Amino acid sequence: MKTFNGILHFRAVFWTAFTALFARTCNGDISYSVPEEMQKGTVFGNVAKDLGLSVKTLLDRKARIDVEGNGRRFCDLQGGELVIAEIIDREKLCGSKTSCALNYELVLENPLELQQIKLQVEDINDNSPRFPKSEIKLEIRESVDKGARFRLDEAHDPDVGRNGIQTYSLEKNDYFTLLVNSHANGRKYSELVLDKELDRELQQEVTLLLTASDGGSPQRSGTAVIRVTVLDANDNLPVFSETIYKANLPENAPVGTVVLIVSATDADEGANGEVTYELSHISDDELRLFSIDKNTGEIKVVGTIDYEDKYEYEFWVQAKDGAGLASDAKVEIEITDVNDNAPLIHIKSLHVPIPENVPPGTEVGIFNVQDKDTGGNRQVRCSIQQNVPFKLNPSIKNYYTLVTTAELDRELVGDYNITITATDEGSPPLSSSKTINLSVSDVNDNPPVFEEQSYSAYVSENNKPGSSVCSVTARDPDWRQNGTVFYSLLPSEVNGVPLSSYLSINGDTGVIHAVRAFDYEQFRSFKVQVVARDNGSPPLSSNVTVSVFITDENDNSPQILYPTPEGNSFMTEMVPKAALSGSLLSKVIAVDADSGQNAWLSYQIVKSTDPGLFTIGVHSGEIRAQRDISDSDNMKQNLVISVKDNGQPSLSTTCAVYLLISDNLAEVPELKDMSYEENNSKLTSYLIIALVSVSTFFLTFIILIIAVRLCHRRKPRLLFDGAVAIPSAYLPPNYADVDGTGTLRSTYNYDAYMTTGSRTSDFKFVTSYNDNTLPSATTLEKSPGDSGGCIDFNCLDFFEDASKCSTLVNN
Ligand SMILES: *[C@@H]1O[C@H](CO)[C@@H](O)[C@H](O)[C@H]1NC(C)=O
Ligand SMILES: *[C@@H]1O[C@H](CO)[C@@H](O)[C@H](O)[C@H]1NC(C)=O
Ligand SMILES: *[C@@H]1O[C@H](CO)[C@@H](O)[C@H](O)[C@H]1NC(C)=O
Ligand SMILES: *[C@@H]1O[C@H](CO)[C@@H](O)[C@H](O)[C@H]1NC(C)=O
């Protein structure tokens, strides 16, 4: 290729001005005309304008030029303009083809779109005609008649159309004229016509100048010298059986295959008639593929014939006799296609990873399938495997788009290996496949889910602050932070106190800790809402209820309600002298704020004045005579009673019960010895007793009147009808009894009155009665709503009524 830069430059400018004459062909392609040999960077088209898209849109949609197959990229997209990326040499690209087009795809993404861009490369007259050899040798016998024709070598001009060879001309001479003919394909060739008979004796050699000219502007030409040797009449030239030998050869024909056999005969005798053959006018490349047997004229394959490289070969074969006289024949070999190229799959665009929430029908990739063979060997079918939520949609030309056919779920399938198989229609068909890896990316579409519907935690009271109560776990199958779960407690109040002062949760592990020690006697259970939230954006959360149950510990010792255990007072029970064996004399009432076994109380006499005289019900606390009381029994009887609960370890309390065996209060003066055996002075005792006696009678009378009035107005709903004097200090804030343990089941009535005053004036007069004297409605009742076997004991009610009725005397 010869370049004439001055001219080219002029032409480039000229063309640039006019190549905007593009046409959008019917199938949406855009085509541009570009002269060959333009300088790199020359702008020749404006895609943005021609597509009606802004440059920004092109950038956003990742517009780019895709080259088909492994072709070279001669143009590029710069902004919205098409520029030359590499100097185009039409002759190299298309040879003698009259039309030379480069096909590119303009790929736009999102949505995927293809625009075919066709570059029509225009020929410029950059090549001159050239003869295969600068000297054409002809040997003509002197006997040849006038008018004989001798074919001359053709000149070659790689340019096409008008830029190709248009005419031949011959230097003026005495013997020959030139006849210019055309092949069927339009190619021109020339023949030398003998105009005047030759005479060897006159002139042995004639030299002529042959010129081939093209029709370009400016015109280019090439010349060759024709050297005609005039032969003696007796010499004969070898003559080929045909002027043109044609053969078809399948590509990939093995080395050694005989393509055809040429033969030439020479009429001469002896050495002058022996013909040898050789290839001429053949390129070096062709020489690597074909060879001729010098003697037999067999043309054989010596290299690899590839249809895809070149599908027709043209060269000459020369036959020469022993005297050196030669003649030529042309060989044309056409290669037939064999299905030797598997389709090639090119991934043009792949949108991975695919977010799992894309709707069905989303394009995820674009593929191009090519087969270098021709005809049916080139027809390709494409498919992917079954049972994947993807399908291949044939798109423009040999393009396919891969689209989703169903919703994706990363938590189920995180990546797909899609195998694309392309099969051509040759026989046998060839196929190839390509596996692509489609990974699905996460979207925060799963809220954390707790492993259990609800949680229960059991904590024994008096726990150590900071100890763990229970642990919750929520799972979130999403990826990374979308699946990272954090736990928190939903703020609320427990008994009016913020939850946070009772419990805390480890946000990462879900372990719930107690912030402080719990007290079963304060509350037994509460509920907490735990929220599990993932770290996605936006985050998803779910919640679960944790029920915290506080279990009892034996941390409360029994409390004696009666007799009042206050150290500085004493109470005395009157026991009738005629009490019989087994009769109920008194009762110790105790409660335990714990529950269950921890509140199951048992009573025991640990010390008594007269062992054997009294017994105590192990569970009832009832003090009974063990035998009939007789006059000989000591009037003052002291019992020390231990009340023990059933906890592990058990806790116990003791109390003293003073019994006075007497029918008459007059005998009371001797009481002093009972409670102050060791240290009290007799005088004080007597004074006290006297005072007590008087006061007792007086107060009894007054209290009786008040009490009768009160109890008529209002039906008491308290523990005991009538009352035991229970100072509020003796009652725990909240206590319970298990039904059947007997602690409070007692239905006995106690009449009491109480005075408070100086240390020594406290006195209590109590009488006990039989079971049946108490109306059953006034006993301690189970509240109907309490299914746990527990009794709700309302302290306030109790005290209200107790204080009002504490001085009641039951009639
Ligand atoms: C895809 O192929 C890779 C490697 O070939 C393999 O590790 C992976 O498990 C495959 N995935 C699926 C979903 O088959
Ligand atoms: C496909 O992708 C997954 C995850 O991205 C990876 O583990 C696997 O190795 C990949 N397989 C191939 C064949 O590339
Ligand atoms: C989490 O989900 C969001 C959408 O909900 C997504 O944009 C993000 O990439 C995901 N993160 C990871 C680590 O996958
Ligand atoms: C707890 O979860 C339920 C449904 O599971 C929801 O209705 C409720 O609003 C949630 N509560 C909070 C405070 O998030």
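What you see is a predicted model, and the numbers here were worked out from it, not measured in a lab. Atoms within each ligand, like the ligands themselves, are counted from 1 in listed order.
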Response to the item:
All heavy atoms of Lys434 vs all of Ile345, minimum pair found to be NZ-O, 3.2 Å

Could you list, one pair per line, each nitrogen or oxygen of ligand 3 together with any protein nitrogen or oxygen closer than 3.5 Å, giving atom names and the distance rounded to 0.1 Å?
unit_1   : atom_1 : unit_2 : atom_2 : d
ligand 3 : 2 (O)  : Asn444 : N      : 3.1
ligand 3 : 2 (O)  : Asn482 : OD1    : 3.3
ligand 3 : 2 (O)  : Asn482 : ND2    : 2.3
ligand 3 : 5 (O)  : Asn444 : N      : 3.0
ligand 3 : 11 (N) : Asn482 : ND2    : 3.0

Discussion item. With a 3.5 Å distance limit and no angle check, can you tell me whether Thr362 reaches the backbone of Thr404 through a side-chain donor-acceptor pair?
Written reply: no

Discussion item. Between Arg378 and Asp424, is there a side-chain heavy-atom distance shorter than 4.5 Å?
Written reply: no

Discussion item. If we set the cut-off at 4.0 Å for heavy atoms, which region of Leu490 has an atom near ligand 4: side chain, backbone, both, or neither?
Written reply: side chain

Worksheet entry | Minimum heavy-atom distance between Arg410 and Val440, given as atom pair plus value | CG-O, 3.4 Å

Practice prompt. Could you say whether the N/O atoms of Asn417 and ligand 1 ever approach to under 3.5 Å?
Written response: yes

Worksheet item: Under 6.0 Å from the six-membered ring centre of Tyr502 and within 45° of its axis: does the NZ or CZ of Arg516 meet both?
Response: yes

Worksheet item: Charged N to carboxylate O under 4.0 angstrom, Lys56 versus Asp60?
Response: yes

Worksheet item: Any idea which part of Asn437 is under 4.0 Å from ligand 1, heavy-atom wise: side chain, backbone, both or neither?
Response: neither

Worksheet item: Are any of the N/O atoms in Asn543 less than 3.5 Å from those in ligand 4?
Response: yes

Worksheet entry | Residue pair Arg73, Glu86: steps toward the salt bridge (Lys or Arg N to Asp or Glu O under 4.0 Å) verdict | CA-CA 7 Å; Arg73 174 189 300 269; Glu86 198 178 322; over 6 Å; no

Fill in: Heavy-atom closest contact (Lys40 atom, Ile87 atom, distance)
N-CG1, 4.3 Å

